*Asks:* 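Mind having a look at this structure? Questions to follow.
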Amino acid sequence: MNYSLQVAGRSCVVVGRAAEELPNLLPQKRIIVFTDRTILALHPELFAGREVVCMEQGEEHKSLQSVEMLCRELVARNADRSTFLLGVGGGIVTDITGFVASIYMRGIAFGFVSTTLLGNVDASVGGKNGVNFDGYKNMIGVFAQPQFVICDTSLLATLPPRELRAGLAEAIKSGIIGDATLFELIEQHTFESLCRDEELLSRIVLHSVKLKADIVSRDEREAGERRKLNLGHTFAHAIEKCTHAMNHGEAVAVGIDLIAQIAHYRRMLPSTALDRIHALLLKMGFEVQPPVPLEDLLKALTKDKKSDGNNIHVVMPTDIGRCTVETFTHDKFAALACQSLCLK
Ligand SMILES: NC(=O)c1ccc[n+]([C@@H]2O[C@H](COP(=O)([O-])OP(=O)(O)OC[C@H]3O[C@@H](n4cnc5c(N)ncnc54)[C@H](O)[C@@H]3O)[C@@H](O)[C@H]2O)c1
């Protein structure tokens with residue numbers, strides 16, 4: 001399977017084999033590759049003969065300190081305006097690489113090989129790059145499109161099941177917000193069968209990328225429709241702020257379940273759709289109970305960067321494949337969440 005499509009008219013996303021696609025997509029320039037040690041060890045074929053810089057792994061290293069370290073490394077290596085930066089990795093590597101490339105010497109060209117399911121279906125596509133700051137997710141960053149993104153599902157064979165599941169959360173999100181066929185596709189499988197089926201994973205990636213590419217092409221800077229891609233993220237970011245017990249995808253799964261309950265309480269989401277969302281998350285092995293008390297989440301989400309002054313934009317699912325974005329004041333949303341999730 002080999003597909004390519006455009007995002008925002010200037011970024012090419014290819015679902016295919018990195019080893020085959022890279023020679024066509026990489027410019028005839030000096031290339032510096034950013035990755036992490038796990039990926040370097042597991043997929044050495046992607047790095048043979050290349051200049052490689054490893055970054056630290058883990059969400060806590062998605063920081064300005066890492067950006068500074070990587071910029072120093074580029075200076076030490078005499079990287080200049082003509083150098084091309086290739087990020088090979090999951091969402092953390094690609095978020096950081098895109099940010100470093102965008103600020104180094106006021107911006108150099110970059111591209112990605114995405115190596116996680118979460119990166120394939122979401123993080124690597126769309127041009128959001130950045131790092132966490134003072135406990136706030138993705139607080140410092142830029143919109144900048146990579147020249148290309150290669151989503152290579154053959155690389156997912158080495159991905160631990162927990163990380164694969166995390167990516168599924170974002171794929172399920174894509175299904176709920178705008179692609180009922182994608183949701184049904186995942187519904188038809190067990191987590192175990194899905195893990196083993198590269199062809200199926202490629203279809204899931206392609207559906208998700210198409211949806212994201214369409215939305216981003218219409219609203220690159222998240223002035224409106226792109227907010228839909230944040231379904232479940234209001235609570236997810238609050239969870240990630242309160243605890244490191246869950247990775248991003250796991251937190252998104254909890255957030256989707258909570259917001260679906262709220263939408264159902266408000267009679268926006270039919271019971272059948274709520275039941276299907278809840279059942280699919282459980283079937284894929286997600287924990288849907290928040291890992292911290294809801295009161296703590298509600299306090300944390302008032303500081304979500306997606307809030308706009310005293311307002312917060314919340315994505316409400318209205319069916320499988322449909323959603324709407326609503327704006328609440330923090331107090332109103334907290335009250336609504338308390339009522340619908342039965343908080344005292
Ligand atoms: N920019 C965006 O639009 C966007 C969208 C969604 C999420 N994100 C961000 O993405 C990040 C999460 O990304 P992630 O889930 O890919 O996590 P990650 O980048 O931390 O990767 C998860 C782990 O898997 C390892 N790994 C990567 N590829 C592997 C492979 N093929 N085989 C074995 N191990 C492999 C990594 O070394 C890492 O330890 C979060 O920081 C989140 O905020 C960004």
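Owing to the predicted nature of the structure, the values given are computational and were not obtained by experimental measurement. Order of listing sets the numbers, starting from 1, for every ligand and every atom in it. Throughout, numbering of the chain's residues begins at 1 and tracks the sequence.
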*Asks:* Pairs in or reaching into residues 277-286: which pass side-chain hydrogen bond (donor to acceptor under 3.5 Å, both in side chains), with residues at least two apart or in two chains?
*Replies:* D257-H278
*Asks:* Measure the acute angle between the ring planes of H233 and H237, then classify it against the limits of 30° and 60° as parallel, tilted or perpendicular.
*Replies:* perpendicular
*Asks:* Would you please write out the protein residues whose heavy atoms approach any atom of ligand 1 to under 4.0 angstrom, listed by chain and number?
*Replies:*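 Under the 4.0 Å cut-off, ligand 1 touches D36, T38, I39, L42, H43, Q57, E59, K62, G90, G91, I92, D95, T115, T116, L118, D122, A123, K128, K137, N138, L155, T158, L159, P160, E163, E170, K212, H248.
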*Asks:* R266 and E326: salt bridge (Lys or Arg N to Asp or Glu O under 4.0 Å), yes or no, with the steps?
*Replies:* CA-CA 12 Å; R266 300 180 75 217; E326 283 196 56; 2.7 Å; yes
*Asks:* Under the ring pair (Phe, Tyr, Trp, His ring centres under 6.0 Å) test, which residues partner F148, sequence neighbours left out?
*Replies:* F84
*Asks:* Suppose the criterion is ring pair (Phe, Tyr, Trp, His ring centres under 6.0 Å): which pairs have a residue in residues 172-230, not counting sequence neighbours?
*Replies:*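 Applying ring pair (Phe, Tyr, Trp, His ring centres under 6.0 Å) to every pair that reaches into residues 172-230, excluding sequence neighbours, yields nothing.
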*Asks:* Determine whether the side chains of T115 and H43 contain a donor N or O and an acceptor N or O closer than 3.5 Å.
*Replies:* no
